[in-house]
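Since the structure comes first, as structure tokens, the remarks are kept for the end.
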Amino acid sequence: MADNTTDTKSSNQMWGGRFASGPDAIMEEINASIGFDKKLFAQDIRGSIAHATMLAHQGIISGDDKDKIVHGLNTILSEIEGGNFEFSRQLEDIHMNIEARLATLIGPAAGRLHTARSRNDQVALDFRLWVKEELEKTEQMLTGLIAAFLDRAEEHAESVMPGFTHLQTAQPVTFGHHCMAYVEMFGRDRARVRHAIEHLDESPIGAAALAGTGYPIDRHMTAKALGFREPTRNSIDTVSDRDFAIEFLSIAAIAGMHLSRLAEEIVIWSTPQFGFVRLSDAFSTGSSIMPQKKNPDAAELVRAKTGRINGSLVALLTIMKGLPLAYSKDMQEDKEQVFDAAESLELAIAAMTGMVRDMTVNTARMKAAAGSGYSTATDLADWLVREAGLPFRDAHHVTGRAVALAESKGCDLAELPLSDLQAIHADITDKVYDVLTVEASVASRKSFGGTAPSEVRRQIAFWRARN
Ligand code: ARG
């Protein structure tokens, strides 16, 4: 008996015409993508329904066959959704698993579905639809994160905290202003997401294997039915392009980088040494050996997810690098990278939105820290410029001497007696003490985009109108 009669060795029913025997076990293992591309079942069925409907509309298949195909595909959709579908690795991928099942359900009419199409444009379509939906979900999730920050910023428009550069106390800022910095960052991420949706909004189906097709198809019709703005313009590019996936990954990498900076700040702020915020039990864990510990694990994991997302971006860039046009099987490796990054990004945004909403802000602690480290030194220098007419460079020098004196006495600038200040510069009067408080410092920074509570409220209003 010929060994190609056994199940594992028979040639593929979709493309096996010229094959005498089936694949080696390792071939099957390296070739199959069903393990991960089954995630695309809904997109695949949507695409096939649109394609079959167009084929019938153009008179390429009969209306009767189209009806059978559509009915069969809808049955398969509910089978998969209901967990009643058996995926087969021998059938390689989601496209052939669905088509084989269709043949079982409706017979020979199933064979007409693949007219004027190839798996190359089919997979490009399915994956594009999936990435488009993921981008739309990301847009919504970023909107939720921005909303959380807007609420916290409003609540803390006047709460003073130290602003840092080099992680050294720089100048007092408001916590609201700091929150609004993240709104700007995630707002840019969301703008990138919207831009990417516009970029990918072209339908690949109908590019066929790479050269288009001789059948009188209507690609504008399928594009419209699938919610795309228009069809792609070059069939070769269409089946060899994965820019939309790489754009998703690069946006995810940038957003992940932003999320990791926030995560790091939450880790620092929640240490007993800083004590700026306290995470609730809902977003922390304990230690199995040290009973006093409350660890910011969620923030740490968000920080780490960024590494995975970056890995996916580099992986796909590397997979695509140097590939000749048009389709190559290398491109099958695109999906796991995108699926993994999407899952990581969703988790990271959700966890961060939760933490931002949930953390308790210790305003007393922040204010005390804001006043230490001579954070109002710049305010003293600015006062000398404004009130005593000194050039800024001289004022900087005078202030430096005042800081050195305060440091040697172990006190704050505001605690230096007037006589000490006047010994450094004779024009200093007791009016100077008005600008040495942290509240006065932040209130004075009214420049557009500055940290003054009035400016922060303006920034909040700007974003509320856009969120
Ligand atoms: N599973 C394949 C992928 O994910 C589908 C396209 C296969 N095309 C082909 N000519 N073998 O890329």
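Atoms CD and CG, from Glu99 and Leu73 in turn, are 9.5 Å apart once rounded to the nearest 0.5 Å. For the atom pair OG (Ser203) and CD (Glu230), the distance works out to 10.0 Å, reported to the nearest 0.5 Å. Atom CZ of residue Arg192 and atom CD of residue Glu139 lie 13.5 Å apart, to the nearest 0.5 angstrom. Rounding to the nearest 0.5 angstrom, the gap separating the CG atom in Leu142 from the CD1 atom in Ile349 is 4.0 Å. Summarising the geometry, atom CD1 belonging to Ile246 is positioned 12.0 Å from atom CD1 belonging to Ile251; distances are rounded to the nearest 0.5 Å. Taken from NE2 in His95 to CG in Asn120, the straight-line distance is 9.0 Å, to the nearest 0.5 Å.
Taking the side chain to side chain donor-acceptor pair (under 3.5 Å) definition, one finds that Asp340 meets it with Arg308, sequence neighbours left out. Residues that satisfy the side-chain contact (heavy atoms from CB on, under 4.5 Å) test with Arg464, not counting sequence neighbours, are Leu150, Asp151, Glu154, Ile460. Scanning for salt bridge (Lys or Arg N to Asp or Glu O under 4.0 Å) contacts around Asp334 gives Arg242, with sequence neighbours left out. Ala253 meets the side-chain contact (heavy atoms from CB on, under 4.5 Å) test with Ile309, Asn310, Leu313; sequence neighbours excluded. Taking Trp269 as the reference, nothing meets the side chain to side chain donor-acceptor pair (under 3.5 Å) condition, with sequence neighbours excluded. By the side chain to side chain donor-acceptor pair (under 3.5 Å) test, Lys68 is found to be paired with no residue, residues two or more places apart in sequence or in another chain being considered. With sequence neighbours excluded, the residues that form a side-chain contact (heavy atoms from CB on, under 4.5 Å) with Arg89 are Glu28, Glu29, Ala32, Ile34. A search for side chain to side chain donor-acceptor pair (under 3.5 Å) contacts involving Glu133 returns Gln43, Arg46, not counting sequence neighbours.
In this structure, the side chain of Asp121 does not engage the main chain of Ile205 through any donor-acceptor pair within 3.5 Å. With hydrogens and angles disregarded, a donor-acceptor distance shorter than 3.5 Å links the side chain of Thr75 to the backbone of His71. Remark: side-chain polar atoms of Lys132 are not paired, donor with acceptor, to backbone N or O of Leu200 under 3.5 angstrom. Listed for the Asp24 side chain is a donor-acceptor partner under 3.5 Å among the backbone atoms of Ile26. Between the side chain of Arg152 and the backbone N or O of Val356 there is at least one donor-acceptor pair closer than 3.5 Å. Of the possible donor and acceptor atoms, none in the side chain of Thr222 sits under 3.5 Å from a partner among the backbone N and O of His51. Not a single donor-acceptor pair under 3.5 Å links the side chain of Ser270 to the backbone N or O of Arg278. The closest donor-acceptor contact from the side chain of Asn467 to the backbone of Thr143 lies under 3.5 Å. In this structure, Asn97 contributes its side chain and Ser88 its backbone to a donor-acceptor pair below 3.5 Å. In this structure, Gln459 contributes its side chain and Gly450 its backbone to a donor-acceptor pair below 3.5 Å.
The list of side-chain hydrogen bond (donor to acceptor under 3.5 Å, both in side chains) pairs with a residue in residues 248-257, not counting sequence neighbours, is empty. Listed by first and then second residue, the side-chain hydrogen bond (donor to acceptor under 3.5 Å, both in side chains) pairs that reach into residues 101-116 are Asp65-Arg112, Glu79-Arg101, His114-Arg117, sequence neighbours excluded. Within the structure, ring pair (Phe, Tyr, Trp, His ring centres under 6.0 Å) contacts touching residues 134-157 (residues at least two apart or in different chains) are Phe149-Tyr182, His156-Phe175. Among residue pairs with one or both ends in residues 196-223, those qualifying as ring pair (Phe, Tyr, Trp, His ring centres under 6.0 Å) are His195-His199; sequence neighbours excluded.
Val239 is not listed as a side-chain neighbour of Pro204, based on a closest heavy-atom distance of 4.5 Å or more. Looking only at side-chain heavy atoms (C-beta outward), Leu210 and Tyr327 stay at 4.5 Å or farther from each other. Using a 4.5 Å heavy-atom threshold, the side chains of Leu145 and Arg190 count as separate. Using a 4.5 Å cut-off on side-chain heavy atoms (C-beta onward), Ser441 and Arg445 make contact. The shortest side-chain heavy-atom distance between Asp201 and Phe228 falls under the 4.5 Å cut-off. Gln122 is listed as a side-chain neighbour of Ser48, based on a closest heavy-atom distance under 4.5 Å. Inter-residue side-chain proximity for Glu300 and Val267 is flagged as met; some heavy-atom pair is nearer than 4.5 Å. Side-chain contact check for Ser312 versus Phe248: every heavy-atom pair is 4.5 Å or farther apart.
When all heavy atoms are compared, the tightest approach of Asn362 to Gly275 is CB-O, 3.4 Å. The two residues Ala116 and Ile217 come nearest to each other via the heavy atoms CB-CG2, 3.6 Å. For the residue pair Asp93 and Ser33, the shortest heavy atom distance occurs at CB-OG, 3.2 Å. The heavy-atom pair separating Ala56 from Gly63 by the smallest distance is CB-CA, 4.4 Å. Between Ser284 and Leu279, the shortest heavy-atom distance links the atoms OG-O, 3.8 Å. When every heavy atom of Gly72 is checked against every heavy atom of Ile106, the shortest pair comes out as CA-CG2, 4.1 Å.
Figure legend: Lys335 and Phe127 shown as a cation-pi pair, the cationic atom lying under 6.0 angstrom from the six-membered ring centre and within 45 degrees of its axis.
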Steps toward side-chain hydrogen bond (donor to acceptor under 3.5 Å, both in side chains) verdict (Thr232, Arg219): CA-CA 9 Å; Thr232 54; Arg219 294 194 58 211; 2.8 Å; yes

Test log, rule side-chain hydrogen bond (donor to acceptor under 3.5 Å, both in side chains), inputs Glu265 and His178: CA-CA 11 Å; Glu265 295 209 304; His178 200 99; 2.6 Å; yes

Full working for side chain to side chain contact (heavy atoms under 4.5 Å, CB included) between Val277 and Met355: CA-CA 10 Å; Val277 302; Met355 274 183 274; over 6 Å; no

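For the pair Glu92 and Lys329, the salt-bridge criterion is met [side-chain N within less than 4.0 Å of a carboxylate O]. Ionic pairing of Arg458 and Glu455 is present here: one or more N-O contacts between side-chain nitrogen and carboxylate oxygen are shorter than 4.0 angstrom. A salt bridge is absent between Glu158 and Lys367: the closest approach of a Lys/Arg side-chain nitrogen to an acidic carboxylate oxygen does not fall below 4.0 angstrom.
When the shell of 6.0 Å around CD of Gln140 is examined, it contains 12 or fewer heavy atoms from other residues, nucleotides or ligands. Within a 6.0 Å radius of NZ in Lys294, more than 12 heavy atoms belonging to other residues, nucleotides or ligands are found. By the neighbour-count criterion of 12 heavy atoms within 6.0 Å, atom CD1 of Ile30 is sparsely surrounded, having that number or fewer from other residues, nucleotides or ligands. Crowding of Glu343 atom CD: a count of heavy atoms from other residues, nucleotides or ligands under 6.0 Å not exceeding 12.
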